[in-house]
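Report on the structure given below.
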Protein chains: 2
Amino acid sequence: MYTKTDIVNIAGKLFSERGYHGTSMRDLAKVLAVRGATLYSHVESKEEMLWEIVNRAADEFLAAAAAVPQDSSPEERLRLLVHGHLDVIARELPYATVFFHEWQFLEPSLREQIKERRDAYEQHFRRVIEDGIEQGCFQAEDARVATLFVLSALNWTYQWFRPDGSLTIEQLAEQYNALIQRSLKADI
Amino acid sequence: MYTKTDIVNIAGKLFSERGYHGTSMRDLAKVLAVRGATLYSHVESKEEMLWEIVNRAADEFLAAAAAVPQDSSPEERLRLLVHGHLDVIARELPYATVFFHEWQFLEPSLREQIKERRDAYEQHFRRVIEDGIEQGCFQAEDARVATLFVLSALNWTYQWFRPDGSLTIEQLAEQYNALIQRSLKADI
DNA sequence: CCTACCGATCGGTAGG
DNA sequence: CCTACCGATCGGTAGG
């Protein structure tokens, strides 16, 4: 009746609403209108679902960053990174929410893999900011803090952005870009 | 042996590390070296502890905002709001973490009270940004998005700022202020 | 996909 | 502060 993908999608929705530990396998089974035991013919464990969700969100973020052409200017690359980040959050809001909120409940070895992917993602932002400072189009006292500032402003949007609201993702990205670019723009 | 405050403080630490649903009353009792049942002579329920933690964090944020003199310039008021916010996060990192992460697990009537306090807090930021735009020292396409941008950048710091790290809260506040003020500064 | 069931643990109470 | 215990529910398995 259901594929593993269906089950993981529903799990993503429930985990994002109630948290990983606040969602039971029977809660999930009820939504799918099957018995709890049936889930185990599709997935190995509850944690496997969390892993699939979190890892797929990481895939999406990294794919968006990888699509940014490296030969563009720092301003343009940052603009695309910001747009791509917000676009992933808007398209995959439940997955992104679980990614930000629940990844810590993975067992240590899986958690470590997510940390590495998250660090790799942050490096895309760090590099573009450092390149901009070097080339004189950006300024910042500390590139690390500036990177965390930008990513903080972006990450938290999963808490308040609603894809069905009156603010479109394009409008949000445009305004966020105006604010971020100004915060980093070199004087003169 | 233990006061209610002691118990709630430990609960704040555990909830911030493992989540509300990921922490059992027996986990908490073990840290305090008592039996699980003993906790109930100090607190009414697990949820009461969550409420105490979340509500106290709200107290701290609102108190910091209320301490900002209303007759200062928008730039100065925003500077103080940013500093105050980061200061609360640094001083009360476990409480702030639970506030941001676990408030949704309160029952509806308590959750509603937190929402109202959070909205009142956001209004402090919204007003100062609108005042700045009106007076011509700030610019933003949409004051609401600008407010959420600033608060997003601030809120997420609980995820990465460590009070025992090499970056002090004063350094962080100063750099955040430089970035935020530039993001809003009117041209010319 | 089901029924039936496992041991462990959950938040919480009774009674001292 | 304790022992003893409650019913409910947890993630997961056996076997079909």
Side-chain angles (χ1 to χ4, degrees), chain A residues 1-55 94-95 98 101-111 114, chain B residues 1-55 94-95 98 101-111 114:
Chain A
M1 222 55 157
Y2 293 105
T3 66
K4 183 171 172 180
T5 307
D6 293 331
I7 292 171
V8 173
N9 278 342
I10 304 286
K13 195 158 168 285
L14 291 188
F15 290 175
S16 75
E17 288 167 359
R18 314 177 191 179
Y20 177 65
H21 284 124
T23 307
S24 73
M25 293 301 271
R26 284 165 181 82
D27 290 339
L28 178 54
K30 189 172 279 179
V31 173
L32 294 160
V34 297
R35 302 287 166 179
T38 302
L39 296 171
Y40 290 92
S41 55
H42 294 92
V43 297
E44 274 188 11
S45 66
K46 191 184 179 189
E47 191 179 23
E48 191 209 348
M49 292 191 291
L50 179 58
W51 168 252
E52 298 264 350
I53 293 162
V54 168
N55 202 39
Y95 276 49
V98 176
H101 235 89
E102 315 290 338
W103 69 276
Q104 54 175 319
F105 299 127
L106 290 166
E107 55 149 283
S109 73
L110 298 178
R111 198 164 59 215
I114 293 300
Chain B
M1 221 52 159
Y2 293 105
T3 66
K4 184 170 172 179
T5 308
D6 293 331
I7 292 172
V8 173
N9 278 342
I10 304 287
K13 195 158 168 284
L14 292 188
F15 291 175
S16 75
E17 289 166 358
R18 314 177 190 178
Y20 177 65
H21 284 124
T23 307
S24 73
M25 292 301 271
R26 285 164 183 83
D27 290 340
L28 177 54
K30 190 173 278 179
V31 173
L32 294 161
V34 296
R35 301 287 167 180
T38 302
L39 296 171
Y40 289 92
S41 53
H42 294 91
V43 296
E44 273 188 12
S45 66
K46 192 184 177 188
E47 191 180 23
E48 191 209 348
M49 292 191 291
L50 178 58
W51 168 253
E52 299 264 349
I53 293 163
V54 168
N55 203 40
Y95 276 47
V98 175
H101 234 90
E102 315 290 338
W103 69 277
Q104 55 174 317
F105 298 126
L106 289 166
E107 54 150 283
S109 73
L110 299 178
R111 199 165 57 214
I114 293 300

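Just so it is clear: chains get the letters A, B, ... in the order the sequence lines come, proteins before strands, and each one is counted from 1. All values reported here derive from a predicted model rather than from experimental measurement.
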Keeping [X] on the side-chain end and [Y] on the backbone end, is there a donor-acceptor pair under 3.5 Å?
X	Y	answer
A:R111	A:L106	yes
A:E47	A:E107	yes
A:D27	A:S24	yes
A:H42	A:Y2	yes

Separation of [X] atom [atom1] from [N] atom [atom2], in whole Å?
X	N	atom1	atom2	result
A:L39	C:dC1	CG	P	9 Å
A:L32	C:dC1	CG	P	9 Å
A:L28	D:dC10	CG	C1'	14 Å
B:M25	D:dC1	CE	P	14 Å
A:H21	D:dT9	NE2	C1'	15 Å

Looking at [options], which one has an atom nearest to any side-chain atom of [X]?
X	options	result
B:S41	D:dC5, D:dC1, D:dG11	D:dC1
A:T38	D:dC2, C:dC2, D:dC10	C:dC2
A:A37	C:dT3, D:dC2, C:dG11	C:dT3
A:V34	C:dG12, C:dC1, D:dC2	C:dC1
A:S24	D:dC10, D:dC2, C:dG11	D:dC10

* Do the ring planes of A:H101 and B:H101 sit parallel (below 30°), tilted (30 to 60°) or perpendicular (above 60°)? ->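 Taking B:H101 first and then A:H101, their aromatic rings sit tilted (interplane angle of 30° to 60°).
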* Parallel, tilted or perpendicular, as decided by the 30° and 60° cut-offs, for the rings of B:F105 and B:Y20 ->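 Correct class here is parallel.
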* Tell me whether the OP1 or OP2 atom of D:dC1 has a side-chain N or O from B:R35 closer than 4.0 Å. =>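 No.
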* Asked: Going from NZ on B:K13 to CG on B:L28, what distance comes out if it is rounded to the nearest 0.5 angstrom?
  ->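 Going from NZ on B:K13 over to CG on B:L28, the span is 11.5 Å.
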* Structure fact -> Read 5' to 3' with Watson-Crick or G-U pairs under 3.5 Å, [ ] for crossing pairs and | for partners on another strand, DNA chain C gives ||||||||||||||||
